[in-house]
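Everything below concerns the one structure shown next.
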Amino acid sequence: MALLEVKNITKRFGKTEVLKGIDFSLEKGQVLSIIGSSGSGKTTLLRCLNFLETPDTGVISVDGSAIFDAAEHKKKSAAEIRESRLRFGLVFQSFNLFPQYSVMENLTLAPKLRAKEEAKQNKLSHAELKQKVAEIEEHAAELLAAVGLSEKKDSYPCQLSGGQQQRVSIARALAMKPDILCFDEPTSALDPELTGEVLKVIKELRDEGRTMIVVTHEMEFARQVSDQIIYMANGIIEETGSPEEVFGAPKSPLLQSFLKGIG
């Protein structure tokens with residue numbers, strides 16, 4: 001069974017239909033890269049998966065359970081929607097770190113808020129909450145070590161380079177222990193010399209068996225890291241396949257033209 005199944009996702013903004021019936025699946029431990037020109041619907045699809053936009057139609061299932069069904073969505077409580085959102089972690093292209101908080105505070109803020117909410121609902125005792133907070137801080141320290149930034153735990157975002165901020169963003173997304181980690185053009189806001197350090201972290205996550213969806217304009221990186229490639233154009237999946245199929249023998253004239261244009 002696929003870890004992620006997406007069926008007939010559509011999204012309209014006013015009269016503009018941005019997504020026109022998106023269907024795909026992703027196995028646990030696989031990396032899916034989504035490529036395509038600006039305006040093709042890539043980021044909107046990622047935002048729909050992360051509940052930052054609400055699809056007009058369709059079903060999103062994780063591990064066999066429908067976490068979003070457009071036909072039932074209005075019946076969901078805010079708490080149920082928050083729980084569904086936690087199945088995904090999103091790394092934004094512009095970092096989106098809280099400037100008033102240290103690196104460690106950025107990583108632990110959301111998990112601590114969730115733990116306090118559980119305590120408020122009497123799901124955790126005071127002792128259990130204290131233990132939970134200690135575990136959250138320990139996990140955050142491990143994540144910072146994994147992205148090579150242990151020495152920056154007390155620094156603020158303004159004291160970090162763009163590459164370091166993006167690595168903190170990756171660690172923050174992982175702090176909530178998502179099933180699927182999503183990246184929206186993770187290197188587009190970086191200078192070329194900083195791009196490599198972020199791509200290295202993503203490759204290491206792939207080697208650990210993380211399930212990931214990467215919207216990217218880095219074609220060579222997509223070729224190296226992906227199990228599956230989706231090429232989007234005009235709000236649909238124009239072509240999909242392995243990196244060898246998509247880059248080595250593209251069938252769609254639109255994909256052929258796209259690859260020539262960036263070659």
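From a predicted model like this one, the values you see are computed outputs, not experimental measurements. Along the sequence shown, residues carry numbers from 1.
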Query raised in the report: Can you name the nearest heavy-atom pair linking Ile170 to Val91, along with the distance?
Result: CA-CG2, 3.8 Å

Report task. Would you check if there is a donor-acceptor pair between the side chains of Thr57 and Thr10 at a distance under 3.5 Å? Result -> yes

Query raised in the report: By the rule that ILVMFWY residues connect when side-chain heavy atoms come within less than 4.5 angstrom, directly or transitively, which residues belong alongside Tyr156?
Result: none

Query raised in the report: Quick one: are Lys177 and His139 in side-chain contact, heavy atoms under 4.5 Å?
Result: yes

Query - salt bridge (Lys or Arg N to Asp or Glu O under 4.0 Å) assessment of Lys251 paired with Glu245 - result: CA-CA 9 Å; Lys251 301 180 182 66; Glu245 292 167 335; 5.7 Å; no

Query raised in the report: Are Thr211 and Leu4 close enough that some pair of their side-chain heavy atoms sits under 4.5 Å apart?
Result: no

Requested in this report: Using modelled atom types only, decide if a donor and an acceptor are shared between the side chain of Ser169 and the backbone of Gln165 within a distance under 3.5 Å.
Outcome: yes

Requested in this report: For atom NZ of Lys112, decide whether the heavy atoms of other residues, nucleotides or ligands shown that lie under 6.0 angstrom number more than 12.
Outcome: yes

Report task. May I ask you to say whether Glu204 pairs ionically with Lys200, meaning some side-chain N is under 4.0 Å from a carboxylate O? Result -> yes

Report task. Could you tell me whether the side chain of Val62 reaches within less than 4.5 Å of the side chain of Leu3, counting heavy atoms only? Result -> yes

Requested in this report: Any pair with a residue in residues 12-60 that passes ring-ring contact (aromatic ring centres under 6.0 Å, His included), sequence neighbours left out, goes on the list, sorted by first then second residue, please.
Outcome: none

Query raised in the report: Can you tell which of Leu19, Asp56, Val18 makes a side chain to side chain contact (heavy atoms under 4.5 Å, CB included) with Arg12?
Result: Asp56

Query raised in the report: Quick one: hydrophobic cluster around Phe98, which other residues, with the 4.5 Å side-chain cut-off, linked directly or via members?
Result: Tyr101, Leu109, Leu113

Requested in this report: Count the heavy atoms of every other residue, nucleotide or ligand shown that sit under 6.0 Å from NZ of Lys20, and state whether that count exceeds 12.
Outcome: yes

Query raised in the report: Counting heavy atoms not belonging to Asn96, are there more than 12 under 6.0 Å from its CG?
Result: yes

Query - Lys153 side chain near Ser102 side chain, heavy-atom distance below 4.5 Å - result: no

Query raised in the report: Is there side-chain contact between Arg114 and Leu86, with at least one heavy-atom pair below 4.5 Å?
Result: yes

